[in-house]
Structure formats: C-alpha cells, structure tokens
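Right, one structure below, let's go through it.
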Amino acid sequence: QVQLVESGGGLVQAGGSLRLSCAASGLTFSAWTMGWFRQAPGKERESVATMNWTGASAYYQDSVKGRFTISRDNAKNTVYLQMNSLKPEDTAVYYCAARPRTCSEYRYWGQGTQITVSS
C-alpha cells in the first residue's frame with residue numbers, strides 16, 4: 001500500500017520560512033516524479049513544484065520561483081519543499097503527489113498539510 005505523509009505545516013508570519021516533508025512508502029521512490037501542489041479556499045488545486053526521479057531537474061510555478069525549493073532524498077524516500085519569504089497568498093493546503101516517470105498523471109496523493117501565512 002502506497003502512502004505519502006506530509007509534515008511541517010503550520011502558522012507563520014509573512015516573510016517567514018517553513019519546510020515541508022513528504023515521506024513515501026510502498027513504492028520504489030527513486031522511480032517516481034514527485035510534486036507539491038496546493039489548494040487555497042475557493043480555488044482550484046495548482047502545481048507548486050515538481051522534481052524528476054533523479055533530482056536533476058525541477059519545475060516551479062512562477063509565483064514561487066526564487067522563494068521555494070524542492071528537493072528529494074532518495075535514500076530516505078522523502079521529498080521536501082523549502083519555503084522562504086512566505087506571503088499571505090501562499091496560504092493553502094499543501095499536498096505532495098507521485099507519478100510514474102513515464103506518465104503525466106499523478107497517481108498517489110498525500111493527505112495534505114495546512115500552511116497559513118499571516119500578514
């Protein structure tokens with residue numbers, strides 16, 4: 001059974017930092033592309049950052065470029081999202097997800113973790 005478990009969410013003031021972690025189990029982690037998504041109240045879920053299976057390439061949504069960094073440790077089956085210079089508009093539930101490297105659709109999702117950025 002595949003599980004993705006996020007941690008590290010919480011309340012932070014604008015300008016602050018948080019690091020999210022997503023621990024994966026039940027899959028060969030190094031063979032999966034990992035992504036971070038978020039969904040704010042009343043909005044659609046959006047992609048925040050993606051990292052390929054080797055960790056050699058990453059994609060970021062324009063609004064987080066230069067502030068967020070995705071990374072992964074294949075030895076620990078964990079993907080991270082370092083978030084700096086947080087803004088109130090970053091407030092959302094953040095999810096990690098996994099997709100096979102040959103597939104465009106994400107197959108597995110975590111339960112989500114709330115990030116609230118106060119102004």
* Find the distance between CG (Leu86) and OG1 (Thr91) and round it off to the nearest 0.5 Å. => 8.5 Å

* Is the charged tip of Arg99 near the ring of Tyr106: under 6.0 Å from the six-membered ring centre and within 45° of its axis? -> yes

* Asked: Is the backbone of Ile70 close enough, under 3.5 Å, to the side chain of Tyr60 for a donor and an acceptor to pair up by distance?
  -> yes

* Asked: Does Tyr80 have Arg19 sitting over its ring (NZ/CZ under 6.0 Å from centre, angle to axis within 45°)?
  -> yes

* To do: Start with the C-alpha distance between Thr113 and Val93, add both sets of side-chain angles, then the distance that settles side-chain contact (heavy atoms from CB on, under 4.5 Å), and finish with yes or no.
  => CA-CA 5 Å; Thr113 186; Val93 177; 6.0 Å; no

* To do: Fit a plane to each ring of Tyr95 and Trp109, take the angle between them on a 0 to 90° scale, and name the class: parallel (under 30°), tilted (30 to 60°) or perpendicular (over 60°).
  => perpendicular

* Structure fact -> When rounded to the nearest 0.5 Å, the distance separating CD of Gln114 from CD of Gln39 is 11.0 Å

* Asked: Any cation-pi pair here, Arg72 with Phe29, using under 6.0 Å and within 45°?
  -> yes

* Between Asn52 and Ser57, is there a donor-acceptor pair closer than 3.5 Å when you use the side chain of the first and the backbone of the second? -> yes

* Structure fact -> Taken in chain and number order and not counting sequence neighbours, the residues that satisfy side-chain contact (heavy atoms from CB on, under 4.5 Å) with Arg107 are Trp32, Pro100

* Would Glu6 and Ser21 satisfy side-chain contact (heavy atoms from CB on, under 4.5 Å), going step by step from the backbone distance to the final call? -> CA-CA 5 Å; Glu6 301 100 335; Ser21 300; over 6 Å; no

* CZ on Phe37 to CD on Glu44, rounded to 0.5 Å -> 13.0 Å

* Ala31: partners by side-chain contact (heavy atoms from CB on, under 4.5 Å), with sequence neighbours left out -> Thr28

* Carefully, step by step, assess Ser17 and Asn84 under the rule side-chain hydrogen bond (donor to acceptor under 3.5 Å, both in side chains). => CA-CA 4 Å; Ser17 298; Asn84 299 330; 3.0 Å; yes

* Please determine, by modelled atom types, if Gln61 and Glu46 share a side-chain donor-acceptor pair under 3.5 angstrom. => yes

* To do: Using a strict cut-off of less than 4.0 Å between a Lys/Arg side-chain nitrogen and an Asp/Glu carboxylate oxygen, indicate whether Asp90 and Lys87 qualify as a salt bridge.
  => no

